[in-house]
S.K.: 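I have a structure here, written as structure tokens, and I will follow up with some questions on it.
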Amino acid sequence: MKIEFWGQEFKANLAIGIPGAFLIAIMSSMFGFGGGPFMVPLMTVFMRLPMYVVVGSSLLAIFFNTLMGTARHYGFGNFDLIFFLIMFPAAILGGFIGPKIAKRISPIAVKRVAVVGLLILALSLLGVF
């Protein structure tokens, strides 16, 4: 699949992207973590897309995954409205501030921060701390 963004054209391998995104959606819904730390490496490393295309694409994909996961958990009675009302404004604010910060630092630094975050998430899920 060819993607055009800001006058540049990129090729994305959907044979890797579709099954990868499907597995990430299942894992993030099962274990209750955001898929971003996994979607970003999928798109940058395996699909070879630049970071500035990946961030927005990842957020849009995660939005729909989160929406479906939230609806299902609500149906199961696993939804805390008060916690949601506290976290939602913070998430919206972070969504506006994050891209402004990322725009001012190098893509390598953004990738390194993503790697550290992914390692912390992995260690936490494994019960290391």
Side-chain angles (χ1 to χ4, degrees):
M1 175 178 161
K2 291 182 182 179
I3 298 169
E4 187 175 328
F5 188 77
W6 285 349
Q8 293 183 326
E9 191 172 279
F10 306 99
K11 292 182 182 178
N13 187 345
L14 294 181
I16 293 172
I18 291 171
F22 178 73
L23 292 173
I24 290 167
I26 289 173
M27 289 187 318
S28 66
S29 293
M30 283 175 54
F31 298 111
F33 58 83
F38 298 100
M39 289 295 288
V40 170
L42 172 71
M43 289 192 276
T44 57
V45 175
F46 297 107
M47 296 178 71
R48 306 234 186 258
L49 294 171
M51 188 61 90
Y52 60 87
V53 171
V54 167
V55 172
S57 303
S58 173
L59 289 173
L60 183 61
I62 291 165
F63 170 75
F64 290 110
N65 179 41
T66 302
L67 188 63
M68 181 55 67
T70 301
R72 295 296 297 154
H73 280 284
Y74 181 80
F76 293 138
N78 299 331
F79 184 79
D80 185 346
L81 181 62
I82 301 300
F83 185 67
F84 170 79
L85 292 174
I86 292 169
M87 296 300 289
F88 185 71
I92 296 295
L93 184 60
F96 282 106
I97 294 172
K100 292 180 186 233
I101 295 170
K103 187 176 179 181
R104 295 176 187 222
I105 57 179
S106 74
I108 297 294
V110 173
K111 287 180 183 178
R112 287 180 180 159
V113 169
V115 166
V116 170
L118 184 57
L119 287 173
I120 292 169
L121 174 64
L123 293 172
S124 176
L125 288 173
L126 291 171
V128 174
F129 62 88

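Along the sequence shown, residues are numbered consecutively beginning with 1. No hydrogens, no waters, no symmetry mates; every other heavy atom, side chains included, goes into these values.
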S.K.: When clusters are formed by joining ILVMFWY residues with side-chain heavy atoms under 4.5 Å apart, either directly or through shared neighbours, do Val115 and Ile101 land in the same one?
M.R.: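 No, separate clusters.
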S.K.: Run the side-chain donor-acceptor check on residues 119-129: report pairs under 3.5 Å with partners two or more places apart or on a different chain.
M.R.:
none

S.K.: Give me the other members of the hydrophobic cluster that Phe83 sits in, counting Ile, Leu, Val, Met, Phe, Trp and Tyr linked by side-chain heavy atoms under 4.5 Å, directly or via other members.
M.R.: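 ILVMFWY cluster around Phe83 also holds Met87.
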S.K.: About how many Å separate CE of Met39 and CG of Leu60, when rounded to the nearest 0.5 Å?
M.R.: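 Leu60 CG to Met39 CE: 9.5 Å, rounded to 0.5 Å.
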S.K.: Of the non-hydrogen atoms in Ile24 and Phe38, which two are nearest, and what is the gap between them?
M.R.: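 Taking every non-hydrogen atom into account, CD1-O, 3.5 Å.
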S.K.: Hydrophobic clusters here meaning ILVMFWY residues chained together by side-chain heavy-atom distances under 4.5 Å, can you tell me if Phe22 and Met43 are in one?
M.R.: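 Yes; tracing contacts between hydrophobic side chains, which count when under 4.5 Å, links both residues.
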S.K.: If the condition is ring pair (Phe, Tyr, Trp, His ring centres under 6.0 Å), which residues does Phe84 pass it with, not counting sequence neighbours?
M.R.: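 Per chain and number, Phe84 pairs via ring pair (Phe, Tyr, Trp, His ring centres under 6.0 Å) with Phe79, Phe88.
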S.K.: When clusters are formed by joining ILVMFWY residues with side-chain heavy atoms under 4.5 Å apart, either directly or through shared neighbours, do Val40 and Val113 land in the same one?
M.R.: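 No, separate clusters.
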S.K.: Can Ile26 be reached from Phe63 by stepping across I, L, V, M, F, W or Y side chains whose heavy atoms are under 4.5 Å apart?
M.R.: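 No, Phe63 and Ile26 fall in different hydrophobic clusters.
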S.K.: At their closest point, which heavy atom of Gly17 faces which heavy atom of Leu42, and how far apart are they?
M.R.: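 Of all heavy-atom pairs spanning Gly17 and Leu42, the closest is O-CD2, 4.0 Å.
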S.K.: What is the distance from atom CG of Leu23 to atom CD1 of Ile18, rounded to the nearest 0.5 Å?
M.R.: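 Here the rounded value is 12.0 Å.
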S.K.: Determine whether more than 12 heavy atoms belonging to other residues, nucleotides or ligands lie under 6.0 Å from atom OH of Tyr74.
M.R.: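 Atom OH in Tyr74 is not packed in, count stays at 12 or less.
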